[in-house]
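What follows is a single structure, written as structure tokens, with notes after it.
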There are 2 protein chains.
Amino acid sequence: MKSLADRIEEYLRYLIERSESKTLQMQRTELAETFGCVPSQITYVLSTRFTIEEGFITESRRGGKGYIRIRQIDSSPDRINRGYNQREALAIIENLWREGFLDEGEAELLKCLLNRHVLGLTDHERHLLRGRMLRAVYDLLGDNKG
Amino acid sequence: MKSLADRIEEYLRYLIERSESKTLQMQRTELAETFGCVPSQITYVLSTRFTIEEGFITESRRGGKGYIRIRQIDSSPDRINRGYNQREALAIIENLWREGFLDEGEAELLKCLLNRHVLGLTDHERHLLRGRMLRAVYDLLGDNKG
DNA sequence: TTTCTTTTGACTATTTTTAACCTATCGTTA
DNA sequence: TAACGATAGGTTAAAAATAGTCAAAAGAAA
């Protein structure tokens, strides 16, 4: 049995998927009425299920003719990065390890995952992928410090 | 004479075997009631009998309409070649962490790298890539033990 | 007896649901 | 244009509904 939040999510995803522009705009109160729940339940669903991490951005406006809007984004901001070949990537990991940002287990793990045979793909795609992976590692390291 | 834990295991295995998707989802409390035991007994069975070494991954959610889910994974080359979606991959990492094969830093690293936005690519390619990455992780863990 | 596994239950953590109160925007009227 | 009321959405805290953890007690095996 699905929770109410799950069912609302499913419904919204369906509507977005179905729309040409991958965008959905509606009134919070109306949607709440459709599901027979309080409006803040809708806010809850948006904030737990339609996050940037899930690939959505939400906007809203209060007052008369207010609305909530959900947009599905294709998050590829660093598509333009040139990426890294295996040697470059391993060197970066080595440095992060030597400088104490990664412990030995983490460094080993990364070196094994950045391997060309593990990643597969075409040369170009693989390089870009390494760029995204390293970016994610930097972000993670940044999080832990900040 | 079979222990209660054995009987619960047997019952769950039967249900999983019988299901098309080799997956079972139910409420911990309900199952406990079926067997007339405390809910933590169910947790005990899952953590001792439905481990990654036994070929299962478990997931759960607390709160309203919470559940426990058991999935039988087939870690044959074939299966790994079919790939994993983000949810499956994260559950595998969680299990490896809970069972002590990965420390917290390694698990965090992996969870962040297995993210769909980091990996990019098409759905299919991304699933396959996760399969190769997880295989590499298994190989690495195997090396360390052997 | 000693040690390992199972069983229990009290306490904790997480997720969802609800409700009361807060704030922004629009349209109208003084 | 300033002020006000109506109409939205936002925030937050508490209640409800689950599952997890941990360690002590009980039982089984060695």
Side-chain angles (χ1 to χ4, degrees), chain A residues 1-13 15 23-54 56-71, chain B residues 1-13 15 23-54 56-71 87 90-91 93-100 103-104 107-108 111:
Chain A
M1 173 57 169
K2 290 197 175 87
S3 70
L4 175 56
D6 289 336
R7 284 186 290 119
I8 295 173
E9 175 190 5
E10 198 168 66
Y11 178 63
L12 293 178
R13 276 184 184 270
L15 291 182
T23 293
L24 175 64
Q25 180 174 327
M26 55 193 335
Q27 293 207 297
R28 190 179 75 146
T29 308
E30 248 183 43
L31 181 55
E33 267 159 18
T34 302
F35 281 90
C37 66
V38 294
S40 57
Q41 175 77 334
I42 304 303
T43 306
Y44 174 72
V45 171
L46 294 192
S47 70
T48 56
R49 271 104 160 144
F50 291 88
T51 63
I52 192 78
E53 219 232 343
E54 302 288 332
F56 296 93
I57 58 182
T58 59
E59 304 162 78
S60 64
R61 205 159 81 189
R62 309 183 186 191
K65 307 285 197 303
Y67 59 80
I68 53 174
R69 183 156 53 200
I70 309 174
R71 197 158 13 145
Chain B
M1 173 53 173
K2 289 199 177 86
S3 70
L4 174 56
D6 289 337
R7 283 187 291 119
I8 295 173
E9 175 190 5
E10 196 168 68
Y11 178 63
L12 293 178
R13 278 184 183 269
L15 291 181
T23 293
L24 176 64
Q25 179 175 325
M26 53 191 340
Q27 293 205 299
R28 190 179 75 145
T29 308
E30 249 183 40
L31 181 56
E33 267 159 19
T34 302
F35 282 90
C37 65
V38 295
S40 56
Q41 175 75 338
I42 305 304
T43 305
Y44 175 72
V45 171
L46 295 193
S47 69
T48 57
R49 270 95 161 156
F50 291 88
T51 64
I52 194 82
E53 295 102 315
E54 304 288 334
F56 296 93
I57 60 183
T58 59
E59 303 163 78
S60 66
R61 202 157 81 186
R62 307 182 188 192
K65 304 289 191 298
Y67 59 79
I68 53 173
R69 183 155 52 201
I70 309 175
R71 197 183 333 228
R87 188 188 225 7
L90 295 191
I93 298 304
E94 283 285 324
N95 278 321
L96 288 174
W97 171 60
R98 275 206 297 269
E99 290 163 25
D103 67 30
E104 188 175 350
E108 282 306 310
K111 285 194 288 188

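By convention in this document, chain letters (A, B, ...) are assigned in the order of the sequence lines, proteins followed by strands, and residues within each chain are numbered from 1.
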Please report the interatomic distance [atom1]([X]) to [atom2]([Y]), rounded to the nearest 0.5 Å.
X: A:Ile70; Y: A:Glu59; atom1: CD1; atom2: CD; answer: 10.5 Å
X: B:Leu90; Y: B:Lys111; atom1: CG; atom2: NZ; answer: 7.0 Å
X: A:Thr23; Y: A:Leu15; atom1: OG1; atom2: CG; answer: 12.0 Å

Original post:
What is the minimum heavy-atom distance between A:Ser3 and B:Gly64, and which atoms define it?
Top reply: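 Minimum heavy-atom contact is CB-O, 4.2 Å.
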Original post:
In residues 26-34 of chain B, which residues come under 4.0 Å of DNA chain D by heavy atom?
Top reply: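 By residue number: B:Gln27, B:Arg28, B:Thr29.
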Name the atoms and distances for all side-chain donor-acceptor pairs under 3.5 Å in residues 36-49 of chain A, with sequence neighbours left out.
{"unit_1": "A:Thr43", "atom_1": "OG1", "unit_2": "A:Arg28", "atom_2": "NH1", "d": "2.7"}
{"unit_1": "A:Ser47", "atom_1": "OG", "unit_2": "A:Thr43", "atom_2": "O", "d": "3.3"}
{"unit_1": "A:Ser47", "atom_1": "OG", "unit_2": "A:Tyr44", "atom_2": "O", "d": "3.2"}
{"unit_1": "A:Thr48", "atom_1": "OG1", "unit_2": "A:Tyr44", "atom_2": "O", "d": "2.9"}
{"unit_1": "A:Arg49", "atom_1": "NE", "unit_2": "A:Glu9", "atom_2": "OE1", "d": "3.3"}
{"unit_1": "A:Arg49", "atom_1": "NH2", "unit_2": "A:Asp6", "atom_2": "OD1", "d": "2.6"}

Subject >> d(CG, B:Asn95; C1', D:dG20) in whole Å >> reply: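 Computing the B:Asn95:CG to D:dG20:C1' distance gives 14 Å.
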**OP:** Give the rounded distance in Å between these two atoms: CD of B:Glu10 and C1' of C:dT6.
**Re:**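 It is 17 Å, rounded to the nearest whole Å.
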Original post:
Can you give one letter per nucleotide of nucleotides 13-25 of chain C, going 5' to 3': B for a protein heavy atom under 4.0 Å from the base, S for sugar-phosphate only, - for none?
Top reply: BBBBBBB---BBB
Subject >> Phosphate OP1/OP2 of D:dG10 contacted by A:Thr43 side-chain N/O (<4.0 Å) >> reply: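 Yes, A:Thr43 has a side-chain N/O under 4.0 Å of OP1/OP2 on D:dG10.
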Subject >> Set of salt bridge (charged side-chain N to carboxylate O under 4.0 Å, His left out) partners for B:Glu54, sequence neighbours left out >> reply: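 In terms of salt bridge (charged side-chain N to carboxylate O under 4.0 Å, His left out), with neighbours along the sequence ignored, B:Glu54 is linked to B:Arg13.
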Tell me every residue that passes side-chain hydrogen bond (donor to acceptor under 3.5 Å, both in side chains) with [X], counting only those two or more places apart in sequence or in another chain.
X: A:Lys65; result: none
X: A:Gln25; result: A:Arg69
X: B:Glu33; result: none

**OP:** Name all residues meeting the ring-ring contact (aromatic ring centres under 6.0 Å, His included) criterion together with A:Phe56; count only those two or more places apart in sequence or in a different chain, and write none if there are none.
**Re:**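 Residues passing ring-ring contact (aromatic ring centres under 6.0 Å, His included) with A:Phe56: A:Phe50.
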Subject >> Upstream residue (5' side of DNA chain D) when A:Ser60 and B:Leu46 are each assigned their closest nucleotide >> reply: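 That would be A:Ser60.
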Subject >> Residues forming a side chain to side chain contact (heavy atoms under 4.5 Å, CB included) with A:Arg7, sequence neighbours excluded >> reply: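 Partners of A:Arg7 by the side chain to side chain contact (heavy atoms under 4.5 Å, CB included) criterion, ordered by chain and then number, come out as A:Lys2, A:Leu4, A:Phe35.
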Are any protein N/O atoms closer than 3.5 Å to N/O atoms in nucleotides 28-30 of chain C? If there are, list each pair with its distance.
none

Check nucleotides 26-29 of chain D against the protein and report each pair of N or O atoms closer than 3.5 Å, with its distance, or say if there are none.
none

Original post:
Between B:Gln27 and A:Met1, is any pair of side-chain heavy atoms under 4.5 Å apart?
Top reply: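 With C-beta onward as the side chain, the pair stays apart.
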Original post:
Can you find a heavy atom in the side chain of B:Thr58 that is under 4.5 Å from one in the side chain of B:Asn95?
Top reply: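 With C-beta onward as the side chain, the pair touches.
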